[in-house]
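Everything below concerns the one structure shown next.
Throughout, a chain's letter reflects where its sequence line sits, starting with A, and its residues are numbered from 1.
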Amino acid sequence: ETGVTQSPTHLIKTRGQQVTLRCSSQSGHNTVSWYQQALGQGPQFIFQYYREEENGRGNFPPRFSGLQFPNYSSELNVNALELDDSALYLCASSLELSGDTQYFGPGTRLTVL
Amino acid sequence: KQEVTQIPAALSVPEGENLVLNCSFTDSAIYNLQWFRQDPGKGLTSLLLIQSSQREQTSGRLNASLDKSSGRSTLYIAASQPGDSATYLCAGYNSGGSNYKLTFGKGTLLTVNP
């Protein structure tokens with residue numbers, strides 16, 4: 001059974017640029033959630049995708065957008081990058097829409113200069 | 001709005017000591033509660049999930065309890081080892097319709113000294 005994978009591991013961008021982060025969910029999991037973790041903070045919920053549809057969103061501006069594909073992998077897109085977007089971005093997959101265990105990937109470290 | 005607080009923010013103990021990490025939450029409508037471990041610069045490793053109908057869960061040297069009425073959860077680590085050094089995060093599931101999102105605390109940084 002393959003766990004949650006994310007790419008790339010690290011990324012450096014400049015302010016104003018756009019970035020795409022990718023996540024492959026654990027085998028059999030159709031729900032993917034994205035979280036942003038700033039240094040020294042707990043992860044903050046960005047949004048969740050279920051069967052290719054957005055299913056809930058946290059307090060993030062519209063320049064944060066996502067996509068889920070038929071194989072349940074997912075992308076997080078961030079436009080017009082700001083310095084405060086520098087963080088560890090984590091994706092988590094779970095089986096169906098439930099309060100069962102979410103399994104996290106290793107994260108993508110984004111640095112905005 | 002769910003808020004999760006973890007106390008203490010940091011803890012340093014000698015090897016072999018038993019310890020308790022605390023987590024409190026404001027919304028008793030919490031669904032489930034999950035404890036995670038995070039090593040520096042890494043992702044989250046799930047330790048224990050306590051479902052709303054349960055009061056505790058155990059895995060090896062770890063025991064987690066959940067008291068929804070008081071808004072508290074604790075993670076008990078027995079016979080701590082240097083390899084237990086990490087940040088421990090608790091997170092509560094809240095359901096907004098069909099959306100089960102996790103709300104995290106800031107974590108407790110645990111250092112176990114040999």
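- Heavy-atom distances place no part of A:F47 under 4.5 Å from chain B, backbone and side chain included.
- Neither side chain, B:S65 nor B:E56, offers a donor N or O lying under 3.5 Å from an acceptor on the other.
- The list of ring pair (Phe, Tyr, Trp, His ring centres under 6.0 Å) pairs with a residue in residues 35-75 of chain B, not counting sequence neighbours, reads A:F104-B:F36, B:F36-B:F104.
- Side-chain contact check for B:E3 and B:T103: no donor-acceptor pair (N or O, by modelled atom type) lies under 3.5 Å.
- For A:Q6, no part lies under 4.5 angstrom from a heavy atom of chain B.
- A:R63 and A:D85 are joined by a salt bridge, as a carboxylate oxygen and a charged side-chain nitrogen come within less than 4.0 angstrom of each other.
- Neither the backbone nor the side chain of B:Q6 comes within less than 4.5 Å of any heavy atom in chain A.
- By number of non-hydrogen pairs under 4.5 angstrom with chain B, the leading residue of A:G58, A:P43, A:G105 is A:P43.
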